[in-house]
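Below: the structure, in structure tokens.
Numbered from 1 within each chain, the chains take letters A, B, ... in sequence-line order.
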Amino acid sequence: MMDSHYIQVLPFLFRGLGWTLLITFSGLAVGFWLGAAAGLARVSPPGVLRGAAAVYVEVIRGTPILAQILFVYYGLSDLLGINMPNWLAAILAIAINAGAYIAEIVRGAVQSIDPGQREAGRSLGLSARQTMRHVIWPQALRRMIPPLGNQFIISLKDTSLFSVIAVGEIIYHTRQYYSNTFAPFEALTMACVFYLMITIPSSLYLRRVEQRMEGK
Amino acid sequence: MIRTWQLTKAFGEHTVLRDINLEIRQGEVLCVIGPSGSGKSTLLRCLNGLESATTGEVELDGERLDTHAPGINAMRAKLGMVFQHFNLFPHLTVLQNLTLAPRQVLGLDEATADQRAYKLLEKVGLLDKAHARPENLSGGQKQRVAIARALAMEPEAMLFDEPTSALDPELVGEVLAVMEDLGREGMTMVVVTHEMGFARRVGTRVLFMDQGRILEEGTPEQLFDDPRHPRTQAFLGQIL
Ligand SMILES: Nc1ncnc2c1ncn2[C@@H]1O[C@H](COP(=O)(O)OP(=O)(O)OP(=O)(O)O)[C@@H](O)[C@H]1O
Ligand SMILES: [Mg+2]
């Protein structure tokens, strides 16, 4: 039993899990700010910022993430004449990719708030900024929680693509393991189990949060 | 203290207010009546700059209202506004609803803002609800909180847009009572309402609007008991 591939692959998977989580969380942390900025720009009055945000969102949503990853790692390094570490490229790629989807989440949530809220804020003398910050944003943020959780699951799975630029995440180590042992079935099965151990509890938790919000 | 001069408002092709000339003096309680779509809400929203005039002017204390000027927020703060659907901030407690703008706009410290809020909640009879959430209040209570929230900015005048028309009939009285008190204390008010009783008791002047124009105005007695314009007569006949 102990010499089964299902067990022997575990240390490799744990090593990968660390990178997978690190890249997902740092990428999303940056991506959230990027997305919040772009999302708010999209609901601001027409202008350069709003236009730029729209282009960003459309470009990212209209191109495959693998192209974006290669673009950041090879393209950007080449353009800037630097040697970007692959883990940094991975974090950037997740941030830029998730940022575009988060921008849409932010825009949708902000636009879903009753216009009467903005009017009430403005009628009290609050500026547009103050109204956004104290009235609209806190309410919109609550509505963003379920779709943001969903984006977390998507981005987590997207990190598997970073094996193509040799970032040591779960799939990278899985491939290392089976190219030496010729046991791809066992290794990949366990890799998927690892993803599911994170994604299934996450979606269950999300559904609970959603139900609690609807119940109110 | 509020004046409009040849105020016109259009949304695209659709002209909603036509040539409105209005002067509202200190201490007046002006009631506005008129059929749905006649532009009553739009008029109120132009008065505090939530909508900008297409042509013509709105003046507050002799100062021209310009919705794009930096001073607009300060000018808006001079006019309290109460909405048909309350528009309380659902993520804040009643107390926080009352203190948000005084703290952010007037820069009051927490203790001063709280003290002011408690006084107003007492005035509208809701001191015990200070820490409740809006969702746990009845419609009448919500509207009284909304009035207190507007008063917390110590406005020079109050604008009411059908404040009781979203309420169950048995809750209308408590809101009107608060408004009557305000009127008696000398607050300048513009009230869009179809509550004739209120208009007669508290109103100093009534305007009848139709299709974006002021068709007729006068004291409540003149307008309700002896309307001149056939459209006013028809409208009053319908709602009475
Ligand atoms: N933001 C807007 N864009 C386009 N048209 C609008 C807008 N706001 C109001 N209108 C139109 O202006 C007209 C007057 O609206 P307003 O809300 O001022 O009427 P009202 O007298 O308050 O009616 P009600 O009694 O139904 O509240 C209506 O025909 C309405 O459709
Ligand atoms: Mg209206």
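- Within the 4.5 angstrom heavy-atom criterion, no atom of B:Leu159 approaches chain A.
- Here the side chain of A:Gln130 pairs a donor or acceptor atom with the backbone of B:Gln104 at under 3.5 angstrom.
- Panel note: side chain B:His91, backbone A:His134; a donor-acceptor pair is recorded below 3.5 Å.
- Side-chain atoms of A:Ile136 and B:Phe89, non-hydrogen and from C-beta on, never get closer than 4.5 Å to each other.
- The 12-atom threshold is not exceeded at CH2 of B:Trp5, counting heavy atoms of other residues, nucleotides or ligands nearer than 6.0 Å.
- A:Leu124 approaches B:Val105 most closely through the heavy-atom pair O-CG2, 4.1 Å.
- Other residues, nucleotides and ligands contribute at most 12 non-hydrogen atoms within 6.0 Å of the CD atom of B:Gln115.
- Within 6.0 Å of atom OH in A:Tyr205, 12 or fewer heavy atoms from other residues, nucleotides or ligands are found, so the atom counts as exposed in its surroundings.
- Within the 4.5 Å cutoff, the side chain of A:Leu126 has no heavy atoms near those of the B:Asn73 side chain.
- Between A:Glu119 and B:Arg45 there is a side-chain heavy-atom pair separated by less than 4.5 Å.
- Contact tally against chain A (heavy-atom pairs below 4.5 Å) for B:His85, B:Arg149, B:Met75: the top residue is B:Arg149.
- Annotation: A:Tyr195, atom OH; neighbour count of heavy atoms from other residues, nucleotides and ligands within 6.0 Å is above 12.
- Around the CZ atom of B:Arg3, the shell of radius 6.0 Å holds no more than 12 heavy atoms that belong to other residues, nucleotides or ligands.
- For the residue pair A:Arg122 and B:Asn48, no side-chain donor N or O sits within less than 3.5 Å of a side-chain acceptor on the partner.
- Heavy atoms of other residues, nucleotides or ligands lying less than 6.0 angstrom from CG of A:Asn83 number 12 at most.
- With a 4.5 Å cut-off on side-chain heavy atoms, B:Pro90 and A:Gln117 count as touching.
- If you take OG on A:Ser123 and CG on B:Leu79, they are separated by 9.5 Å, rounding to the nearest 0.5 Å.
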